[in-house]
Amino acid sequence: MPVIRPITDLRNKSNEIEELCNSSQEPVFITKNGIGELAVMSIEVYERMQARLELYSKLAEIEKDIDEGDEGRDFVEFANELRSKVNGSV
């Protein structure tokens, strides 16, 4: 269930908001005059959200490639190619 707090709590109870963000690992929604205004979250939650968005973007790109007829590469061949590059450069 989302945590919703008034904007005055952001000013007057910032330590409490910080604890909520860190303990719940979810954003805390801040309202102004009863209307949603901000979402406050820990850096950890923000970074996890950004990583998820990047993954979704890459998956969408792969799906587009598949729709356009790209058949990809054989995994074993690709893995062997990587191994030879790593072993050759060491």
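Starting from 1, each residue takes its place in the sequence as its number. Everything numeric here is computed off the predicted structure, so don't read it as measured data.
Within 6.0 Å of CZ in Arg73 there are more than 12 heavy atoms belonging to other residues, nucleotides or ligands. The local environment of CD in Glu71 is sparse, with at most 12 non-hydrogen atoms from other residues, nucleotides or ligands closer than 6.0 Å.
Atoms CD1 and CD, on Ile43 and Gln50 in that order, are 10.5 Å from each other to the nearest 0.5 Å. Annotation: the span from Ser42 atom OG to Glu26 atom CD amounts to 9.5 Å, rounded to 0.5 Å. The distance from the CD atom of Glu16 to the CZ atom of Arg5 is 4.0 Å, given to the nearest 0.5 Å. How far NZ of Lys58 is from CD of Glu54: 4.0 Å, rounded to the nearest 0.5 Å.
Grouping Ile, Leu, Val, Met, Phe, Trp and Tyr by side-chain contacts under 4.5 Å, direct or through others, puts Phe29 with Ile4. Side-chain heavy-atom separations under 4.5 angstrom define the hydrophobic clusters, and the remaining members of the one that includes Val28 are Val3, Ile7, Leu10, Ile17, Leu20, Ile30, Leu38, Val40. Clustering of Ile, Leu, Val, Met, Phe, Trp and Tyr by side-chain heavy atoms under 4.5 Å joins Leu82 with Phe78.
Closest heavy-atom contact between Met41 and Pro27: CB-CA, 4.0 Å. For the pair Asn22 and Gln25, the tightest heavy-atom approach, listed with the atom from each and the gap, is O-NE2, 2.8 Å.
Judged by distance alone, with hydrogens and angles left aside, the side-chain atoms of Asn33 form no donor-acceptor pair with the main-chain N or O of Ile35 at under 3.5 Å.
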